[in-house]
Amino acid sequence: MEQGEAASPPPAAEEEDDLGYRLFPDRNKKPQSFLVRSLFTFHNRCQLMLRMTLETNPYAQLLLEAMKQSGCTVFNDRHFSCENCDGCVSGGFDSATSQIVLCQNNIRQQSHMNRVVTHELIHAFDHCRAHVDWFKNVKHLACSEIRAANLSGDCTLMNEIARFKFGLKGHHQTCVRDRAIRSILAVRKVSKETAEKAVDEVFDACFNDLEPFGRIPHSKTDAKRAYRDFQNRDRYNANL
């Protein structure tokens with residue numbers, strides 16, 4: 001997830017841990033009318049940027065196609081929601097409603113929207129293809145966070161330079177590990193040691209799980225190539 005995963009309200013027995021729900025206050029509010037929502041610039045801008053991402057971004061297009069082939073077709077109006085969030089998060093995946101939350105008050109650039117949508121679509125893809133226990137199994141959460149950080153472009157060289165982080169050999173893996181740990185800590189009331197242990201125990205397997213890209217897409221060019229390969233792979237399988 002992009003610094004957080006939206007979650008449905010926890011059962012009463014788990015009130016001591018809100019599972020990150022506090023970061024997405026609009027999840028508890030009654031839906032606003034279209035007229036009221038249309039008056040807010042943040043919401044309109046979020047919707048326009050989302051449409052641009054879904055129509056033009058190769059990362060998102062590949063994931064949408066992969067989910068469709070897995071039996072989980074994504075619909076814009078049903079599976080994406082632009083909302084106001086806590087200041088520390090950009091988006092999240094609400095597994096209870098199968099919705100991707102986009103933080104309209106924190107996403108201000110198209111490139112940022114592209115990364116957030118891609119990141120959360122990876123969580124949605126994992127939710128579709130596997131029995132992920134988001135709330136009770138921290139290793140499951142850690143695995144999806146590793147995959148999202150690895151495959152979404154979160155840790156590209158340019159993004160790391162923008163964060164004033166300059167790495168040597170193995171820097172990409174370090175970035176993925178660090179961002180996965182940060183995301184877990186943002187939505188679960190666990191110790192840093194617990195988060196680190198969960199990430200370390202599943203890191204190798206999850207870092208090397210490159211589905212549906214087949215490669216680590218370090219740029220849009222890589223993502224376009226991966227998308228073409230994915231389409232060609234499907235055509236080949238259809239002719240077997």
Is there a side-chain contact between Val176 and Phe207, using heavy atoms and a 4.5 Å cut-off?
yes
What I'd like to find out is whether the side chain of Leu63 reaches to under 4.5 Å of the side chain of Pro212, using heavy atoms alone.
yes
Could you go through the salt bridge (charged side-chain N to carboxylate O under 4.0 Å, His left out) check for Lys136 and Asp133 one step at a time?
CA-CA 6 Å; Lys136 295 182 179 180; Asp133 187 346; over 6 Å; no
Exercise: do Gln61 and Glu65 side chains pair donor with acceptor under 3.5 Å:
no
Looking only at side-chain N and O atoms, does Asn114 offer a donor or acceptor that is under 3.5 Å from a partner on Gln110?
yes
Taking the side chain as every heavy atom from C-beta outward, state whether Met67 and Leu121 have any pair of such atoms under 4.5 Å apart.
yes
Can a side-chain donor-acceptor contact be found between His79 and Gln99 if the only test is distance below 3.5 angstrom?
no
Are the side chain of Asn150 and the backbone N or O of Ile146 linked by a donor-acceptor pair below 3.5 Å?
no
Once you round to the nearest 0.5 Å, how far does CG of Leu62 lie from CZ of Arg228?
11.5 Å
In terms of side-chain geometry, is the basic nitrogen of Arg147 or Asp126 positioned less than 4.0 Å from the acidic oxygen of its partner?
yes
With side-chain contact (heavy atoms from CB on, under 4.5 Å) as the criterion, how do Glu83 and His43 come out once you've worked through the C-alpha distance, each side chain's angles and the decisive distance to 0.1 Å?
CA-CA 7 Å; Glu83 302 177 8; His43 190 82; over 6 Å; no
Would you call Leu64 and Leu54 a side-chain contact if the rule is heavy atoms closer than 4.5 Å?
yes
I'd like to know if Lys139 and Glu201 make a salt bridge, using a cut-off of under 4.0 Å between side-chain N and carboxylate O.
yes
Any Phe80 side-chain heavy atom under 4.5 Å of Phe75 side chain:
no
Atom CZ of Phe213 and atom OG of Ser152: how far apart are they, to the nearest 0.5 Å?
8.0 Å
Atom pair NZ (Lys192) and CD1 (Ile184), whose distance is rounded to the nearest 0.5 Å
12.5 Å
Would a distance-only check, ignoring hydrogens and angles, find a side-chain to backbone donor-acceptor pair under 3.5 Å from Asn106 to Cys88?
no
Is the His172-His218 ring centre distance short of 6.0 angstrom?
yes
Kindly indicate whether the side chain of Leu141, heavy atoms from C-beta on, has any atom under 4.5 Å from the side chain of Arg188.
yes
Is there a donor-acceptor pair under 3.5 Å between the side chain of Tyr227 and the backbone N or O of Asp222?
no
Decide side-chain contact (heavy atoms from CB on, under 4.5 Å) for Asn105 and Cys85; before the verdict, give the C-alpha distance in whole Å, the side-chain angles of both, and the deciding distance to 0.1 Å.
CA-CA 7 Å; Asn105 55 319; Cys85 308; 4.3 Å; yes
Just do the salt bridge (charged side-chain N to carboxylate O under 4.0 Å, His left out) check on Arg129 and Asp209 with the steps written out, would you?
CA-CA 13 Å; Arg129 69 168 182 158; Asp209 180 0; 2.5 Å; yes
Rounded at 0.5 Å granularity, tell me how far CZ in Phe42 sits from SG in Cys82.
12.0 Å
With the 4.5 Å side-chain cut-off for hydrophobic clustering, are Leu48 and Ile100 part of the same group?
no
Here the pair of heavy atoms bringing Val117 nearest to Ala60 is CG1-CB, 4.4 Å
Regarding Ser90 and His112, do their side chains bring together a donor and an acceptor under 3.5 Å, going by distance alone?
yes
Any side-chain heavy-atom pair of Arg45 and Arg108 under 4.5 Å:
yes
Could you check if a side-chain atom of Arg182 sits within less than 4.5 angstrom of a side-chain atom of Glu145, using non-hydrogen atoms only?
no
Nearest atoms (heavy-atom pairs only) where Met113 meets Cys46:
CE-O, 3.6 Å
Using 0.5 Å steps for rounding, measure from the CE atom of Met49 to the OG atom of Ser111.
9.5 Å
Between Arg51 and Asp77 (salt bridge meaning N to carboxylate O under 4.0 Å), is one present in this structure?
no
Apply side-chain contact (heavy atoms from CB on, under 4.5 Å) to the pair Val74 and Lys68, showing each step before the final yes or no.
CA-CA 7 Å; Val74 177; Lys68 182 178 181 180; over 6 Å; no
Using only atom types and a distance under 3.5 Å, with no angle test, would you say the side chain of Tyr59 pairs donor to acceptor with the backbone of Lys224?
no
Which heavy atom in Thr118 sits nearest to a heavy atom in Leu151, and how many Å separate them?
CG2-O, 4.4 Å
May I ask whether Val132 and Phe135 are part of the same hydrophobic cluster, defined by side-chain heavy atoms of I, L, V, M, F, W, Y residues being less than 4.5 angstrom apart, directly or through others?
yes
Closest heavy-atom contact between Trp134 and Ser144?
CH2-OG, 3.4 Å
Pair Arg215, Asp229 - check side-chain contact (heavy atoms from CB on, under 4.5 Å), show working.
CA-CA 10 Å; Arg215 69 183 75 205; Asp229 289 347; 2.3 Å; yes
Closest heavy-atom pair and its distance - Phe125, Ala66:
CE1-CB, 3.8 Å
Considering all heavy atoms of both residues, which atom of His119 and which atom of Ala149 are nearest to each other, and what is their separation?
CE1-N, 4.2 Å
Distance (rounded to the nearest 0.5 Å) between Glu211 CD and Ile122 CD1:
12.0 Å
May I ask you to say whether Lys197 pairs ionically with Asp200, meaning some side-chain N is under 4.0 Å from a carboxylate O?
no
Within 6.0 Å of CD in Glu55, more than 12 heavy atoms from elsewhere:
yes
